[in-house]
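Only one structure is covered here, and it is reproduced in the block below.
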Amino acid sequence: MEGDFLERVLDLSKTPFNLDYTLNSGQVFKWEKMDGWWYGVVNDSILKMKQMGNKLFFTIHPDRGIEFIYNYFRLDDNLPSILNSINKDPIINDAINRYYGLRLIRQDPWECLISFICATNNKIPNIQRMIKRLSEGYGNKLKFEGKVFYTFPKPQSLAYANLDKLKSYGLGYRAKFVINAAKLVASQELDLNKLIHLDYYTARENLLTKHMNRKLLLGVGLKVADCVLLFSLNKLNSFPIDVWILRVIINFYNHLFDKDFITHIKEKRLNDWIYNKIAERMRAYFGDFAGYAQEYLYYYIRHKSF
DNA sequence: ACCCAGGCGATTG
DNA sequence: CAATCGCATGGG
């Protein structure tokens, strides 16, 4: 079908957006840049994109409406207004100025959950490789421009996946957590999409539920839950704290905390009590869009040379 | 060889 | 409750 390969242009002059920053921000792991074009599989469609200034060139295959792009890249978010609301100090101001146009992405919650279960105690290139192998092994094959792509596996596919096969993909001890999560979602014991309608704290409680004094979702703690809430469930006040954000706190935001608290967290490893205390303070400081601040600060600490 | 990574589970005290 | 410790894997 000729129409499937129609290249379209989106005018970004009134909606600030930076595709490279957004896709390099560690939110999503299934995108790849080839010959200057970004290729990604979103739900069941291949997206091919390139930005040149205020113009976003893209092809969706099979074709979808423009809302598909708006929804995924949250182009409906009033970015200037959001960034203005979180711009509280010179550090975040510097991050905003450097990486202006970085947006949160609205991912599929299921893919997001599995991605960040795989992300624990791991490095981004390795996470990308794991997600790629999972997709090749259990996703559906798509062809486009003579290239082969794979959708992210459905919950039903991973629920009956072979444990040793997942381990051979490099998932290690996370393999059993992935299968556990897949069984819960496939059986509809856990309905991720209903969490979109709940507030941040209630939705987080759902992800961290215990059943007979045992966690329902294995491999999901505060950090993974916060990532899923922020990147896929519309909870923009979620403030995930990983080792990098902890460095941001210690280096640039220690004045927001008691002095002995800072010396305490330098000695101890991050535990739930420390995590919640920091996250609550940063939510109070940055406000309802603290998640955007988190993402700009994450990009800042990862990319700026100090 | 050792250390680290978008942390968390299991086991102890 | 809180505090330790081990963990699969790959790269520096």
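Just so you know, these numbers use all the heavy atoms, side chains as well, and skip hydrogens, waters and symmetry mates. To find a chain, count down the sequence lines: A is the first, B the second, and so on, and within it residues start at 1.
- In this structure, CG of A:N121 is placed 12 Å from C1' of B:dG9, rounded to the nearest angstrom.
- In this structure, CG of A:L171 is placed 10 Å from P of C:dT9, rounded to the nearest angstrom.
- For A:F177, the side-chain atoms get nearest to B:dG9 when compared with the rest of B:dG9, C:dA8, B:dA10.
- Going from the C1' atom of B:dG6 to that of C:dA3 covers 24 Å, rounded to whole Å.
- What separates CD1 of A:I124 from C1' of C:dG10 is a distance of 14 Å, to the nearest Å.
- Here the P atom of nucleotide B:dG6 and the CD atom of A:Q128 are 10 Å apart, to the nearest Å.
- In this structure, CE of A:M130 is placed 12 Å from C1' of B:dG6, rounded to the nearest angstrom.
- Between the side chain of A:Y173 and the base of B:dG7, a donor-acceptor pair under 3.5 Å is found.
- With B:dG7, B:dC4, C:dA3 as the candidates, the nucleotide lying closest to the side chain of A:N271 is C:dA3.
- Contact annotation: side chain of A:R269 to base of C:dG6, donor-acceptor pair present below 3.5 Å.
- Distances from the side chain of A:K123 to the nucleotides C:dG11, B:dC8, C:dT9 place C:dG11 closest.
- Between the side chains of A:Y285 and A:R281, no donor N or O sits under 3.5 Å from an acceptor N or O.
- By the 5.5 angstrom centroid cut-off and the 30-degree plane limit, A:Y298 is classified as stacked against the base of B:dG6.
- Within 4.0 Å (heavy atoms only), A:R174 reaches at least one base atom of the nucleic acid.
- Side chains of A:Y99 and A:N18: no donor on one and acceptor on the other come within 3.5 Å.
- Of the side-chain N and O atoms in A:K215, one or more sit less than 4.0 angstrom from OP1 or OP2 of B:dG9.
- Of the residues near DNA chain C, A:P125 and A:K268, the one whose nearest nucleotide (by heavy atom distance) lies more toward the 5' end is A:K268.
- In this structure, A:I127 atom CD1 and C:dA8 atom P are separated by 17 Å, rounded to whole Å.
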